[in-house]
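We count ligands from 1, going down the list as the structure has it; atoms in each ligand are counted the same way.
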Amino acid sequence: MRVGVLALQGAFREHLIMLRSLGVDSCPVTRAEHVSDVDAVILPGGESTAMVRIASGTDLFARLRERMDGGLPVFGTCAGLILMADRLSDDSLGGFERLGGLDITVARNAYGRQRDSFTAPVDVSGLADPFNATFIRAPQILDVGFDTEVLACHNDRPVLVRQGNLWGGSFHPELAQDPRVHAEFLQRLGATV
Ligand code: GLN
């Protein structure tokens, strides 16, 4: 199994390091042709406005969306979640192509500004002990569709969701020095980690 990490901007190195620590073959994804080579993709946190600008005018998102629709497992974290949301509460990314696919509504930056960043223990379905989740200018999941399963909440709001092959989280699982969320995603794909 080979996991690609979208590497246009943001915390992609931390995801690559986490995957390597789990013994999983991984590679950066920056172009449409890289998408053909991978069995799953992680979309990192960072700045979604930068990511959509960098990807615009390329086939990268169209190719990724095509493979998502064909069942490719994709996990979007923070800005990555914003890229995957079917609906945003404002049009701050207006005009730029995103991925969509995950039947949720997301409000960008709804947990506050950079200085309001925080970590909080969250109970994640399938994990025996709470996961210390890091929220950085995080998007808030306002609603989830019928087929979207909520895997973790913070203050009664979903912060980790799954819809078939698609996973989305509003926090940064790669910053926790704790590979359990990555391992859950990978194990449900059949990887032995
Ligand atoms: N606020 C960022 C955005 O809107 C996301 C923050 C993050 O990924 N840590 O893209």
Discussion item. Using modelled atom types and a 3.5 Å cut-off, is there a donor and acceptor pairing between side-chain atoms of D25 and backbone atoms of M1?
Written reply: no
Taking distance alone, no hydrogens or angles, what donor-acceptor pairs closer than 3.5 Å link side-chain atoms of residues 78-102 to residues at least two apart or in another chain?
residue	atom	partner	partner atom	Å
D86	OD1	G101	N	2.7
R87	NE	T105	OG1	2.8
R87	NH1	D103	OD1	2.9
R87	NH2	D103	OD1	3.0
R87	NH2	D143	OD1	3.3
D90	OD1	S92	N	2.9
D90	OD1	S92	OG	2.6
S92	OG	R108	NH1	2.9
R98	NH1	I82	O	2.7
R98	NH1	A85	O	2.7
R98	NH2	A85	O	3.1

Worksheet item: R13: what forms a side chain to side chain donor-acceptor pair (under 3.5 Å) with it, not counting sequence neighbours?
Response: none
Practice prompt. Return the orientation label for the F135 and F118 ring planes: parallel under 30°, perpendicular over 60°, tilted otherwise.
Written response: parallel
Discussion item. If the criterion is any heavy atom closer than 4.0 Å to an atom of ligand 1, which residues make the list?
Written reply: G45, G46, E47, S48, C78, A79, I82, R108, N109, I136, R137, H172
Worksheet entry | Given L160, D123, V181, the one that forms side-chain contact (heavy atoms from CB on, under 4.5 Å) with L151 | L160
Worksheet, complete the sentence: The complete set of side chain to side chain donor-acceptor pair (under 3.5 Å) pairs with one or both residues in residues 128-141, sequence neighbours excluded, reads E47-R137, Q114-R137, Q140-R157
